[in-house]
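The next block holds one structure in the form of structure tokens; read it before the comments.
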Amino acid sequence: MTTDVMMPALSPTMEEGTLAKWLVKVGDAVKSGDVIAEIETDKATMEVEAVDEGVVESLLVPEGAEGVKVNTPIARLSGEGTAAAPATPPQAAAASTPDVQEKKAESAPPPAPAATKPAVAPQALPEGDTDIPADAKRVKITVRDALRDAMAEEMRRDPGVFLMGEEVAQYQGAYKVSRGLLEEFGDRRVIDTPITEHAFAGLGVGAAMAGLKPIVEFMTFNFAMQAMDQIINSAAKSHYMSGGQIRCPVVFRGPNGAAARVAAQHSQDYAPWYGSVPGLKVVAPYDAADAKGLLKAAIRDPNPVVFLEHEMLYGHEFEIPEVEDWLVPIGRAKVRRAGSSVTIVAYSRMVAVALEAAEALAGEGIEAEVIDLRTIRPLDHETVVKSVMKTNRLVTVEEGWAPMGVGAEVAARVVEHAFDYLDAPPLRVSQADTPLPYAANLEALSLPSAPRVVEAAKAVCYR
Amino acid sequence: MARRAVKTAEKTTTAEQPDKEQLLAFYRSMLLIRRFEERAGQLYGMGLIGGFCHLYIGQEAVAVGMQSVKGPKDQVITGYRDHGHMLAAGMSPRSVMAELTGRFPGASHGKGGSMHMFSAEAGFYGGHGIVGAQVSLGTGLAMANRYRDDGAVAFVYFGDGAANQGQVYESFNMAELWSLPVVYVIENNQYAMGTSVERSSSETHLYRRGSSFNIPGEEVDGMDVSAVRRAGVKAAEHARGGNGPYLLEMKTYRYRGHSMSDPGKYRTREEIDAVRKTRDPIEHLQERLEGQGWLDEATARAIDNEVKSVVAEAAEFARTAPEPEPKELFTDVYVEADA
């Protein structure tokens, strides 16, 4: 009787990894708990422990193999003297693999069910992009590294810029966004904090009031709810309450929205929460070029900026222009796909869903114009209004709840500014009006998907 | 941010015993706060000051004694009972009173009010309305000092009520962990609104509240300006010397209600009168100055008259100064990009 050892998922969002090293060879006896291999993910190198007892019969994946998909058999044990266990169910293998390094992050996001995954192919920059110089060389980079590069460049440029947060330094970032920064800038400027969101947000605001430019990383924005008083009551309002004397040039950044299978407390879109607060700027980029250019702009901004990233996008590769000091202005939406039949407005990860829907719609003769808001506050409604004047139809897509949401705000502004141009009531596609469920099928039902966007777009086109 | 070895302290002032001139300056400063607050109470009663108004009467020795320790680059931050700290910091009575009446020449152009005033020039960082928030913010000021290694110390005030807020302890932890130059000053006036320390706190000796973070603390007679100063000098030297935070519990008392709308049912008139009679910080200092032969009745009256005229002038200014223009509604929401 043999048992297959599967490539485990070592984090909630891991889809594949590199089998860095085998620590056993054919013929070795292993028992549960023995470390048998080292696996490298985009976040970390981790050890894989055996769950079953037996003798290594064969190693199915060679050492150094890259892109080994989760759940692929990587080794076979012969079950000498052990109860014949069927092939280890992959979930069980993952669950019983002590995740020695990932702490709080682990309690954040298991592998994404295919149904909720955005398009993963490295995305080319759209033709005719006005942001990008025509002669710029284009390189591929992940959103994760684009964010890191933005911070590193700004830290080189301005000695007052520093990064603080949980696990940002020695651990290299819970999601590895700050990888390498400690080595380059030292522990004066890359500061590990205790798990104490409320106060370290306040420390960041205080340091900003004193003239520094802190980047405060929240491991996820779900944990920033503990710090919301400091973000809203202290950071957003002090400039106004002081008659213009006090400034808070602080950036609050980290992943926002739903990762995968982490359930209600770890899956929330805070764009509308912060987006309603005057004094804050709120940014939610989709691709790597915007992630980098907008983060650099946010760090330079003399106001407090809430910078909402998306964990599901961190590992995605996009093309980015290789130009010196790449900046994207805060407050400008971007037309990601031109079309004349319907305007689809989205931000952050939902841009991928909107683009996927637009491709499907094109197959049915509906040409959707997809607008990426990029900034939530100040909201660039002019770009949306201009598009709706052309298409006469509006669908909004957001990961959060619809009531009092970003889609509601966009629809209200379109009604204010282009009522006479509308040929159908605007429709909102959003998360279901419930806390986000854990079960894979319910989670997929809850979150916006391309088919739901297609359905909404057809509805406003009366098709 | 790694721990730091003890470094040379920037000397502000180490005189243990304040001299005649300094004590007379303390006397005038405390009297200014007292008269200012009495007048603010009056203006509130006349409907010229709106909203919440928390008076500092009775606690004057704390702000005045501690201010004398502050060096030129040091910062001060406090909660909403902030008028005394602002006057002690040297902000003009006019701008503070005009802010109370919501007028444009006020410290925040009339947009902050009693609880939210700032003076970047005086190193006064507010004036914060959320109980305890200033403790994290002030620890952040100290973090900036440490980052710049400029020898500055942050003086962070909070009350016995705020001493039960969670973020205070989160801040204590980081301040000690990173040896931040901060002096925490708990103004224990014995009542958090209407709840006495005994009714709200399992450990009523608030100077011990830093002990589980290894932050040294001491109890100080907050009604004695010289004692406040002595303790402040020691605490500031500790913080400035790279030894991390220091905690002072100032035992003090507020004579007035928590705010102007406080019916004060939680304590007796006799209790207040007893403190006034036996521990009043201004009378206490006056007796001492007179005992030393440094102040006589005529001079005391002259100081009082001078202070009263400053306050009367500030009140008149605050009453007649213009309100902010309607366009000010939309200014100072964002800092316009500066080049």
Side-chain angles (χ1 to χ4, degrees), chain A residues 159-160 162 164 169 186-212 214 216 226-227 229-230 232-250 278-281 297 300-304 329-330 378, chain B residues 1-2 75 77 99 104 106-113 115-121 125-130 132-148 152 154 165-175 177-178 180 324 328 331-338:
Chain A
F162 69 93
M164 64 188 292
D187 66 2
R188 175 173 166 268
R189 298 181 69 193
V190 185
I191 304 164
D192 279 327
T193 66
I195 301 173
T196 187
E197 285 85 5
H198 192 177
F200 77 63
L203 261 68
V205 176
M209 286 176 168
L212 297 180
V216 176
Q226 305 246 16
D229 174 61
Q230 291 289 6
I232 294 172
N233 269 320
S234 300
K237 298 178 183 173
S238 289
H239 187 61
Y240 193 79
M241 295 194 306
S242 66
Q245 290 184 73
I246 300 293
R247 295 176 170 201
C248 292
V250 56
L280 293 179
K281 293 188 179 181
R300 289 186 200 183
D301 201 284
N303 297 286
I330 291 173
Chain B
M1 205 173 255
Q75 306 108 326
I77 191 167
E99 188 61 35
F104 188 66
S108 294
H109 295 330
K111 287 149 83 168
M115 299 184 287
H116 316 109
M117 277 186 243
F118 304 78
S119 170
E121 200 186 343
Y125 285 81
H128 294 270
I130 305 298
Q134 77 274 20
V135 180
S136 302
L137 295 169
T139 307
L141 295 172
M143 189 181 186
N145 299 341
R146 169 71 199 284
Y147 188 91
R148 295 192 175 109
Q165 284 279 28
Q167 65 177 316
V168 168
Y169 299 94
E170 298 183 20
S171 300
F172 279 9
N173 183 40
M174 287 182 278
L177 190 64
W178 300 332
L180 301 183
E328 292 298 331
T331 57
D332 305 323
V333 180
Y334 292 99
V335 181
E336 300 307 322
D338 39 10

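This one's a predicted model, so the numbers in the text were calculated from it and none came from an experiment.
Of all the heavy atoms in B/Ser136 and A/Leu203, the pair that sits closest is O-CD1, 3.4 Å. Closest heavy-atom contact between B/Leu137 and A/Ser234: CD1-OG, 3.5 Å. Closest heavy-atom contact between A/His239 and B/Asp332: CD2-O, 3.0 Å. The shortest non-hydrogen separation linking A/Ala210 to B/Arg148 is O-NH2, 2.7 Å.
Heavy-atom distances place the side chain of B/Met174, and not its backbone, under 4.5 Å from chain A. At a 4.5 Å heavy-atom cutoff, the contact between A/Leu212 and chain B is made by backbone and side-chain atoms alike. In this structure, no portion of A/Asp301 lies under 4.5 Å from any heavy atom of chain B. Both the backbone and the side chain of A/Ser242 come within less than 4.5 Å of a heavy atom of chain B. For a residue to count as touching a neighbouring chain, one of its non-hydrogen atoms must lie under 4.5 Å from one of that chain's; by this rule A/Gln245 touches chain B with backbone and side chain alike. The contact between B/Glu328 and chain A is made entirely by backbone atoms, counting heavy-atom distances below 4.5 Å. Neither the backbone nor the side chain of A/Pro249 comes within less than 4.5 Å of any heavy atom in chain B. Heavy-atom distances place both the backbone and the side chain of A/Lys281 under 4.5 Å from chain B.
Of the possible donor and acceptor atoms, one in the side chain of B/Tyr334 sits under 3.5 Å from a partner among the backbone N and O of A/Leu280. In this structure, the side chain of A/Gln230 engages the main chain of B/Ala133 through a donor-acceptor pair within 3.5 Å.
One distance of note links OG1 of A/Thr193 with CH2 of B/Trp178; it measures 6.0 Å at 0.5 Å rounding. Remark: B/His116 NE2 to A/Tyr240 OH distance equals 12.5 Å, nearest 0.5 Å. Remark: B/Phe118 CZ to A/Met241 CE distance equals 4.5 Å, nearest 0.5 Å. Remark: A/Asp229 CG to B/Ile130 CD1 distance equals 5.0 Å, nearest 0.5 Å.
The shortest side-chain heavy-atom distance between A/Pro194 and B/Glu170 does not fall under the 4.5 Å cut-off.
The choice from A/Lys237, A/Met209, A/Met164 that makes the most heavy-atom pairs within less than 4.5 Å of chain B is A/Met209. Heavy-atom pairs under 4.5 Å with chain A peak, among B/Gly140, B/Ala175, B/Ala120, at B/Gly140.
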